[in-house]
Structure formats: structure tokens, C-alpha cells
Amino acid sequence: MAVVADWKVSPNLGLNQLVAERRATGESIVHLAFGEARLPPFAPLAEQLAAGAGRNAYGPVDGRLAVRTEVADYFRRRRLPTDPDQIVVAPGSKPLLLAVQYVVPGDVLLPCPAWNTYAPQARLAGKEAIDVPIPAECGGVPEPAALRAAIVAARARGRDPRIVVLTLPDNPTGTLTPPELVREICAVAREHDLLIVSDEIYRDVLHDPATPMLSPAEVAPERTVVTTGLSKSLALGGWRIGAARFPQGQWGERIRAGVVSVASEVWSVLAGPMQQVAEYAFAEPAELRARLAASNRLHGAVARAVHRIMVGAGASCRPPTGAFYVYPDFEPVRDALATRGATDSASLARFLFDAFGIVVLAGHHLGDDPGALRFKAATSMLYGDTVQEQSMALESGDPTALPHISRLLERIEDGFAKLSS
Ligand SMILES: Cc1ncc(COP(=O)(O)O)c(C=O)c1O
């Protein structure tokens with residue numbers, strides 16, 4: 001029987017499965033290849049989930065007014081005045097991102113590297129994904145001059161770039177684009193009449209709460225769709241709670257109507273109990289903000305520790321300020337790595353797995369140059385395997401000194417010390 005394409009499982013989910021299989025055979029593996037905030041669910045969230053069990057009706061496709069009102073207020077508190085009718089909630093932000101791609105015609109411009117789902121989603125929607133290099137100082141946005149050049153070049157070969165996707169803060173680099181660069185990108189988007197899709201799922205995962213974050217929706221409100229969710233900030237990936245904010249005006253309304261239409265044919269609604277959780281979480285009560293602050297301190301401390309190890313091993317690496325990733329570049333020690341058979345992104349990742357049992361996501365899976373010696377390490381995978389270890393990590397003033405975390409950090413440090421020596 002024929003299938004219409006060479007279907008692959010998303011590489012991070014695929015690696016996650018592989019690690020589970022190898023661990024089941026007793027192998028000891030340091031798994032840094034999955035972007036999951038390994039933390040237990042905050043107890044009041046579980047209480048809301050249980051209390052919402054009676055919500056078994058489908059309800060409105062875009063979400064009940066009560067939850068959309070809380071999401072609108074969440075954005076209002078972030079300098080984005082929002083009407084509940086601009087909001088759609090869904091089972092994760094992933095389906096919302098895909099729905100936008102289905103609804104808005106034209107090709108998609110992506111920062112390179114970028115989260116590994118954007119390009120496959122573009123292809124699923126029949127679009128070309130056009131990779132544009134990120135600036136030296138941060139990821140999550142294309143470098144503005146390169147973006148202009150990519151648009152002109154794509155049009156010259158008959159393509160029609162219409163969407164640019166930004167990630168603020170960024171997966172995979174763990175950095176946040178500074179406000180002046182956000183303004184520059186918005187200016188390019190206006191010049192070339194692009195829709196901006198601003199993926200802000202890590203917005204509340206800043207290691208230092210004082211870091212200035214400017215959303216493109218503040219600068220170019222007429223052309224920016226913002227997506228967010230609770231998977232990362234509240235470690236609820238498996239609960240699947242996402243939301244999108246659409247621009248006011250005719251264009252935004254038409255995109256939102258299209259997304260609601262896709263939703264009505266694919267996932268129908270965000271599950272009723274999850275809407276109850278979302279209502280509580282997007283209202284940001286004090287106890288939830290305290291929990292968020294504790295998890296952000298943990299994300300920062302562990303990401304900085306892994307960053308130090310990578311730099312110590314000879315990599316250049318942007319210092320992480322958000323999310324829970326580092327994205328080292330081992331180009332400075334290319335010759336030493338070549339003696340170990342690590343000459344490109346795939347062979348470097350394979351070598352780390354075979355020699356030290358360390359699993360990372362090779363840069364080429366993120367759109368990066370396959371010849372480069374880069375990978376993503378998800379540092380949130382180091383918080384522990386049990387609820388008890390993860391809770392200790394959350395509560396500790398110095399999580400990297402906890403035995404279960406320091407043991408893993410030492411193993412990573414030992415491996416990387418051998419890598420280029
Ligand atoms: C940049 C980015 N956007 C979106 C998502 C998807 O999140 P959700 O769980 O809301 O579908 C992820 C998850 O890995 C992500 O890293």
C-alpha cells in the first residue's frame with residue numbers, strides 16, 4: 001500500500017522513545033534531547049483538573065468565554081490590550097501553529113536554527129520553509145539584513161514568502177531577542193507585508209525577571225499572531241494547553257476564523273477540564289507566580305552550569321537567559337574532534353551517545369548546517385527522575401550542588417573534557 005510521503009516522527013520525540021527503550025535494557029544515559037520541563041505538576045493545578053472533571057460538554061470551538069477572558073487579561077498585563085474574541089484556546093500551541101500555516105497562504109521564513117517542528121509543519125501545509133541565519137547575539141529571529149535578502153531571493157525564484165516565525169525566548173538557543181532587534185524585524189515585516197507568528201511559549205521562562213521582553217505584537221499589532229501555552233512555564237506538556245492571540249482588524253479576524261474552522265474539523269475543542277486549569281493558570285494567582293519564579297531560578301542555574309561546561313570544553317555558546325536550552329558550537333575545536341570521528345553535526349551527536357551515553361539533538365534536525373558542529377542540549381532533563389528529586393531541585397537555593405544533579409553535571413563535564421583533549 002502506498003503512502004503519500006516519507007513520514008517521520010519528529011526527531012526529539014523519536015529520540016525520547018529510543019532513550020526509553022535503551023534505558024529499559026539497563027543502559028545508563030544522560031538524556032539532553034527533549035525539551036520538557038521535568039517538574040511535577042503544581043498541586044493547585046491538579047486540584048483544578050480534578051474539579052473540572054464534570055466539564056464533559058464540547059462547548060465553543062474557540063473556548064469558553066471565561067477562559068478566553070483570562071487569557072486576554074494575561075496579555076493585557078503584558079502591555080497587549082486584548083479582547084476575549086481575539087483568543088482561541090486549543091490542545092497545545094502546536095496545532096494552533098499548524099492551523100495558522102494552513103490558513104495563511106504563501107511560504108514561511110524561519111530563523112535557522114529553529115524549533116524542529118516549524119519546517120515540517122510548513123511542508124504539511126504545502127509551503128516552502130525558507131531558512132534565514134540568526135544573528136550572532138541571539139536566536140529566535142532571522143538576522144534582519146539576511147531576512148531582507150532571503151525575501152528578495154525567494155521572490156526572484158518564484159516563491160511567495162508571506163509569514164515569518166519568531167521564537168521569544170528561543171528554543172534552541174535559550175536566548176531572548178533584544179527589543180531593538182524585534183523592532184527591526186517588525187520593520188522588515190511591514191516593508192514586505194509579512195504576517196509575524198510570534199511563538200511566545202517561553203515568555204514566562206526568563207531566568208532573570210528583569211530581562212526586557214518586547215513582543216512583536218506591541219510593535220506591529222496589525223500583523224502579529226502570538227501563540228503561548230502552559231507546557232513549558234508550568235511543565236504541563238502532557239496536559240496540552242495552548243492559546244493564540246490574533247490581531248484586531250479584518251486580516252486578524254479572517255485568520256482567526258480560519259483557525260477556528262480548522263479546529264472545528266480536527267480537534268473540536270480544548271478538553272473541558274483543561275479549560276478549567278487554563279482559567280486558573282492564566283489568571284496568574286500569587287501562589288502560581290511563586291512557583292514560576294522557583295522553576296525559573298532552577299532553569300537558569302542548571303542552564304548556566306551546562307553552558308559553563310560547554311565553554312570549558314572549547315565551544316562557543318550564547319549565554320542562556322530564557323527557556324532551558326544551550327546551543328554550543330564546537331567549531332573552535334574542530335581539529336581535535338576530527339580525531340574522534342566527529343566531523344559534522346550527525347557524527348558529533350553519535351559520538352557523544354556512543355562514547356559517553358550523552359544524548360543531544362544534532363543541529364541539522366533544527367535546520368542548521370549539517371557540516372557544523374552544533375547541537376541543542378535541553379538542560380531541564382537534569383532535574384531528576386522522581387517527583388522527590390524534582391521537588392528538591394525546585395526548592396533548593398543551589399540545585400547544581402544536589403547530589404543527583406551534580407553527579408550528572410560531573411558526568412557531562414568529564415565526557416566533554418575528553419572530547420577535545
Ligand atoms: C518553540 C516551541 N513552540 C511550541 C512548542 C509546542 O508546545 P505545545 O506543548 O504548546 O504544543 C514547543 C515545544 O517543544 C516549543 O519548543
Side-chain angles (χ1 to χ4, degrees), residues 9-16 31-39 41 45 63 71 74 87-101 108 110-122 124 129 134 138-141 163-177 196-206 213 215-216 225-245 259 262-263 266-267 270-271 274-275 277-278 281-282 299 303 320 322-327 361 365-367 376-381:
V9 172
S10 202
N12 51 346
L13 292 166
L15 271 172
N16 204 34
H31 183 14
L32 300 176
F34 198 56
E36 187 167 75
R38 277 281 156 101
L39 294 171
L45 293 164
V71 178
Y74 163 94
I87 302 296
V88 175
V89 293
S93 57
K94 225 178 204 184
L96 288 164
L97 287 161
L98 179 63
V100 171
Q101 304 247 17
V108 182
L110 297 178
C112 176
W115 176 45
N116 53 275
T117 284
Y118 301 132
Q121 283 197 344
L124 284 174
I134 57 174
C138 66
V141 296
I163 304 173
V164 61
V165 179
L166 314 179
T167 319
L168 301 137
D170 180 39
N171 170 9
T173 61
T175 59
L176 175 66
T177 306
I196 300 170
V197 174
S198 185
D199 180 346
E200 299 182 11
I201 195 154
Y202 296 98
R203 174 171 190 143
D204 298 322
V205 191
L206 283 171
M213 153 95 196
S215 170
V225 173
V226 180
T227 57
T228 185
L230 305 182
S231 300
K232 311 297 173 180
S233 56
L234 297 176
L236 294 182
W239 288 14
R240 312 304 303 127
I241 300 172
R245 175 191 185 274
V259 167
V262 172
V266 184
W267 63 84
L270 170 60
M274 296 309 172
Q275 293 200 31
V277 172
F282 280 101
H299 296 320
F324 24 76
Y325 308 105
V326 293
Y327 195 74
L361 193 61
H365 289 307
L366 304 155
K376 175 175 88 167
T379 53
S380 54
M381 300 298 281

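All ligand and atom numbering here is 1-based and tracks the order in the structure.
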Peer 1: Give yes if a backbone or side-chain nitrogen or oxygen of Tyr325 is under 3.5 Å from a nitrogen or oxygen of ligand 1, and no if not.
Peer 2: no
Peer 1: For residues Val197 and Tyr118, determine if any side-chain heavy atom of one lies less than 4.5 Å from a side-chain heavy atom of the other.
Peer 2: no
Peer 1: As a check for students: among Tyr202, Trp115, Phe324, identify the option with a heavy atom nearest to atom 5 (C) of ligand 1.
Peer 2: Trp115
Peer 1: Mind listing the closest non-hydrogen atom pair of Leu39 and His299 along with its distance?
Peer 2: CD1-CE1, 4.1 Å
Peer 1: With heavy-atom distances below 4.5 Å as the criterion, would you say the side chains of Trp115 and Asp199 are in contact?
Peer 2: yes
Peer 1: Return yes if a side-chain donor-acceptor contact under 3.5 Å exists between Asp170 and Tyr327, otherwise no.
Peer 2: no
Peer 1: Which residue and non-hydrogen atom of the protein lie closest to atom 14 (O) of ligand 1, and at what distance in Å?
Peer 2: Lys232 NZ, 2.7 Å
Peer 1: Going by the order shown, which atoms of ligand 1 are within less than 4.0 Å of some heavy atom of Thr167?
Peer 2: 1 (C)
Peer 1: Applying side chain to side chain contact (heavy atoms under 4.5 Å, CB included) between Ile134 and each of Thr175, Leu110, Thr173, Val141, report the one that passes.
Peer 2: Thr173
Peer 1: I'd like to check Ile241 versus Val89 (side-chain heavy atoms, cut-off strictly below 4.5 Å). Are they in contact?
Peer 2: no
Peer 1: Report, in ascending order of atom number, the atoms of ligand 1 lying under 4.0 Å from any heavy atom of Lys94.
Peer 2: 11 (O)
Peer 1: Are Met213 and Leu168 side-chain neighbours, meaning at least one heavy-atom pair lies under 4.5 Å?
Peer 2: yes
Peer 1: At under 4.0 Å between heavy atoms, is it the side chain or the backbone of Ser231 that contacts ligand 1, or both, or neither?
Peer 2: side chain
Peer 1: What part of Tyr118 sits under 4.0 Å from ligand 1 if we count only heavy atoms: the side chain, the backbone, both or neither?
Peer 2: side chain
Peer 1: Which protein heavy atom lies closest to atom 1 (C) of ligand 1, and at what distance to 0.1 Å?
Peer 2: Asp199 OD2, 3.3 Å
Peer 1: For ligand 1, which atoms have a heavy atom of Arg240 less than 4.0 angstrom away?
Peer 2: 8 (P), 9 (O), 11 (O)
Peer 1: Going by the atom numbers of ligand 1, which of them fall below 4.0 Å from some non-hydrogen atom of Gly92?
Peer 2: 10 (O), 11 (O)
